Amino acid sequence: MLEDEKIIEIAIYYEEKGKEIGEEIGYRKVALNMLKKNIDLNFIAEVTNLEIHDVKKLQKHCI
């Protein structure tokens, strides 16, 4: 593989990784807003695709 192709592959990888991280941050922000409105934890986990234990961790930051 040429060096230019490797560089492009690396750039694409990090772009995708950045999108994943951005999505995760977005889901956490939504979860926090839902927690502030006292919405059911299981519903929050379902809607945001977060694990229930992650939602409970976020809940501790809302108190």
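Nothing here was measured: the structure is a model prediction, and the numbers come from that model.
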Practice task
Give the C-alpha distance, both sets of side-chain angles, the deciding distance and a yes or no for side-chain contact (heavy atoms from CB on, under 4.5 Å) between Ile44 and Val30.
Solution key: CA-CA 9 Å; Ile44 295 171; Val30 169; over 6 Å; no
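Of all the heavy atoms in Lys57 and His61, the pair that sits closest is O-CD2, 3.2 Å. When every heavy atom of Leu58 is checked against every heavy atom of Ala31, the shortest pair comes out as CD1-CB, 3.8 Å.
Residue Ile21 is found in a hydrophobic cluster whose other members, listed by chain and number, are Ile25; membership requires side-chain heavy atoms under 4.5 Å apart, directly or through intermediates.
When side chains are defined from C-beta on, Thr48 does not count as touching Asp54, because their heavy atoms never get closer than 4.5 Å.
Hydrophobic clustering of Ile, Leu, Val, Met, Phe, Trp and Tyr side chains at less than 4.5 Å, counting indirect connections, keeps Ile10 apart from Ile7.
Judged as a salt bridge (charged side-chain N to carboxylate O under 4.0 Å, His left out), and not counting sequence neighbours, Glu23 has no contacts. Not counting sequence neighbours, Glu46 has no partner by the side chain to side chain donor-acceptor pair (under 3.5 Å) test. Residues satisfying the salt bridge (charged side-chain N to carboxylate O under 4.0 Å, His left out) test with Glu20, not counting sequence neighbours, are Lys17.
In summary, Glu3 and Lys6 do not engage in a salt bridge, as defined by a charged side-chain N under 4.0 Å from a carboxylate O.
For residues 27-45, the side chain to side chain donor-acceptor pair (under 3.5 Å) pairs, not counting sequence neighbours, are Glu24-Arg28.
Expressed to the nearest 0.5 Å, how far CD of Glu15 lies from CD1 of Ile8 amounts to 12.0 Å. With rounding to the nearest 0.5 Å, the separation of CG in Leu41 from CG in Leu50 is 11.5 Å.
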